[in-house]
Peer 1: 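Please read through the structure below; I'll follow up with questions.
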Number of protein chains: 2
Amino acid sequence: MGTTEQRVRRAAIELFAERGFHGTGIRDLAERAGLSSATLYHYMGTKEDLLVSIMRESLTRLVTAGERLPGASPQERVAGLVQLHVLTHAVQQEETRVVDDEMRSLTPARRAEVVALRDRYEALWQSAIDDGCSVGAFTVSAPRVARLALLEMCSGVARWYAPDGPIPLPELAVRYTEMALGLLGGAEVPPADVAGIRVLVDTVWASQN
Amino acid sequence: MGTTEQRVRRAAIELFAERGFHGTGIRDLAERAGLSSATLYHYMGTKEDLLVSIMRESLTRLVTAGERLPGASPQERVAGLVQLHVLTHAVQQEETRVVDDEMRSLTPARRAEVVALRDRYEALWQSAIDDGCSVGAFTVSAPRVARLALLEMCSGVARWYAPDGPIPLPELAVRYTEMALGLLGGAEVPPADVAGIRVLVDTVWASQN
DNA sequence: CATGCCCGATCGATCGATCGATCGGGAACG
DNA sequence: CGTTCCCGATCGATCGATCGATCGGGCATG
């Protein structure tokens with residue numbers, strides 16, 4: 001079961017992902033969490049506070065894991081980032097969709113904090129791509145555009161992947177690694193250590209709770 | 001200026017893109033269109049009717065243009081689809097974002113119609129990719145995953161591209177073509193006819209109004 | 001030309017419902 | 001007794017939508 005606060009958070013992630021922030025009412029939230037709408041406010045601040053805390057936790061987890069990724073060569077670092085990103089977006093589908101889609105629902109002040117976290121994460125991608133370009137490992141001609149294209153492509157996993165579908169999770173990660181490196185051009189695909197990434201994801205997840 | 005109905009539609013596209021469907025009130029819509037909220041209902045049905053009609057028009061335009069694309073080889077067809085998609089998502093940014101992001105705001109019944117249109121469009125992509133794989137032009141190992149990845153990557157353009165930024169529109173289209181064919185693996189990049197695609201987009205747009 | 005009628009366009013006022021949020025108090029537990 | 005957990009009742013605001021009424025310009029009739 002978990003604590004009541006965790007139940008509230010799970011309910012919020014489910015409903016925000018399904019109906020959107022503005023499409024989810026306080027009473028919907030309360031019903032899903034098994035509480036009255038009044039009791040809800042014992043466990044959270046405003047509805048926006050709840051959204052921000054979900055985003056902060058999710059992005060912090062991603063940044064932490066991203067910074068702990070092994071891999072010396074640009075190819076290995078990009079491969080690791082792709083696998084980390086695809087894995088989290090496939091496993092924590094609803095949560096990542098809330099993070100990616102509900103930025104616009106935030107007040108400008110709250111948005112700034114979340115965007116800063118997201119920028120920190122995306123900088124990891126940019127430096128790996130730039131390094132690969134400057135050492136000649138990648139041949140893509142617009143590294144900034146490549147970063148944006150890669151991130152959109154990998155985030156999309158959260159919008160369609162079916163965990164109980166025909167594609168096993170490790171295979172998904174490998175396919176995306178191949179496509180990403182093909183997109184960047186001229187790179188050999190380094191041996192994949194999906195299991196290692198998975199352990200990293202689980203470790204960071206556990207240490208956050 | 002255009003007709004009042006066109007002004008309402010433009011206002012809706014702007015606000016739905018900026019704040020989302022549920023985040024946009026009838027009074028916001030009316031104010032942006034320069035009408036009273038009551039007059040709004042003289043030009044539209046319900047708020048959902050307005051959203052559906054925006055989506056239907058936008059997707060119909062995309063399907064029409066996609067079916068008229070020239071190109072015999074799989075490479076040429078994929079290149080054409082990428083350029084068509086990127087161009088429309090860069091030029092009609094707000095409109096395409098509404099189409100891509102607000103599906104979940106639709107009632108199941110209305111959603112079905114719109115999804116059918118979208119599926120028809122995506123089938124064009126799938127057959128081009130599948131053909132390329134079966135004749136050995138592409139080496140990607142999961143054609144269905146590749147389609148999903150490509151579409152997400154190209155749609156993402158609507159979320160970040162700045163029309164008055166440092167990247168000219170034709171260059172953007174060419175870069176995406178290169179990345180897409182790199183992602184599919186083993187394909188030479190066919191000569192790009194971005195101007196031709198642009199003419200096609202404008203033609204279809206004009207014939208719809 | 002003048003008159004009377006019609007109708008698209010528009011609005012202020014208001015509907016019932018729901019929104020996010022708050023309050024005071026009861027129940028359970030130490 | 002105090003603290004934690006919880007809820008029914010309720011707040012003012014806003015939601016999407018509808019109402020009756022008004023205005024003005026075509027248009028047919030005499």
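So you know, we letter chains A, B, ... as the sequences are listed, proteins then strands, and number each from 1.
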Peer 1: Note every stem involving DNA chain D: at least three consecutive Watson-Crick or G-U wobble pairs, i with j then i+1 with j-1, with both distances under 3.5 Å.
Peer 2: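 Correct response: C:1-30 with D:1-30.
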
Peer 1: Does the gap between the ring centers of A/Tyr121 and A/His85 come in under 6.0 Å?
Peer 2: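 That pair passes the under 6.0 Å test.
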
Peer 1: Mind checking what makes salt bridge (charged side-chain N to carboxylate O under 4.0 Å, His left out) contact with B/Arg104, not counting sequence neighbours?
Peer 2: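 By the salt bridge (charged side-chain N to carboxylate O under 4.0 Å, His left out) rule, B/Arg104 matches A/Glu102.
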
Peer 1: Of all residues at least two apart in sequence or in a different chain, which pass the side chain to side chain contact (heavy atoms under 4.5 Å, CB included) check with B/Leu148?
Peer 2: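 B/Leu148: side chain to side chain contact (heavy atoms under 4.5 Å, CB included) contacts with A/Trp160, B/Arg144.
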
Peer 1: List the residues meeting salt bridge (charged side-chain N to carboxylate O under 4.0 Å, His left out) with B/Arg19, not counting sequence neighbours, and say none if there are none.
Peer 2: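 For B/Arg19, the residues satisfying salt bridge (charged side-chain N to carboxylate O under 4.0 Å, His left out) (neighbours in sequence not counted) are B/Asp28.
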
Peer 1: According to salt bridge (charged side-chain N to carboxylate O under 4.0 Å, His left out), who are the partners of A/Arg147, at least two apart in sequence or on a separate chain?
Peer 2: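 Partners of A/Arg147 by the salt bridge (charged side-chain N to carboxylate O under 4.0 Å, His left out) criterion, ordered by chain and then number, come out as A/Glu122.
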
Peer 1: Are side-chain N/O atoms of A/Gln83 and A/Thr177 paired as donor and acceptor at under 3.5 Å?
Peer 2: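 Their side chains do contain a donor-acceptor pair, which is all the 3.5 Å distance test asks for.
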
Peer 1: Taking only residues two or more places apart in sequence, or in another chain, which ones meet B/Phe138 in a ring pair (Phe, Tyr, Trp, His ring centres under 6.0 Å)?
Peer 2: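 Partners of B/Phe138 under the ring pair (Phe, Tyr, Trp, His ring centres under 6.0 Å) test: none.
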
Peer 1: Who pairs with A/Ser141 by side chain to side chain donor-acceptor pair (under 3.5 Å), at least two apart in sequence or on another chain?
Peer 2: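 Applying side chain to side chain donor-acceptor pair (under 3.5 Å) to A/Ser141 gives B/Arg175, B/Glu178.
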
Peer 1: Let's see if you get this right: which residues in residues 37-46 of chain B place a heavy atom under 4.0 Å from DNA chain C?
Peer 2: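 Within this stretch, B/Ala38, B/Thr39, B/His42, B/Tyr43 sit under 4.0 Å of the strand.
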
Peer 1: Give me the residues of residues 12-34 of chain A where at least one heavy atom lies under 4.0 Å from an atom of DNA chain D, by number, or none.
Peer 2: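 Heavy-atom cutoff 4.0 Å gives no residues at all.
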
Peer 1: Can you pull out the residues from residues 102-111 of chain B that lie within a 4.0 Å heavy-atom distance of DNA chain C?
Peer 2: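 When residues 102-111 of chain B is checked for heavy atoms under 4.0 Å from DNA chain C, there are no hits whatsoever.
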
Peer 1: Salt bridge (charged side-chain N to carboxylate O under 4.0 Å, His left out) with A/Glu76: which residues, sequence neighbours excluded?
Peer 2: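 Partners of A/Glu76 by the salt bridge (charged side-chain N to carboxylate O under 4.0 Å, His left out) criterion come out as none, since no residue qualifies.
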
Peer 1: I'd like the 5' and 3' limits of the part of DNA chain C contacted by chain A, with heavy-atom contacts below 4.0 Å.
Peer 2: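 Taking any atom under 4.0 Å from a heavy atom of chain A, the span is C/dC19 to C/dC23.
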
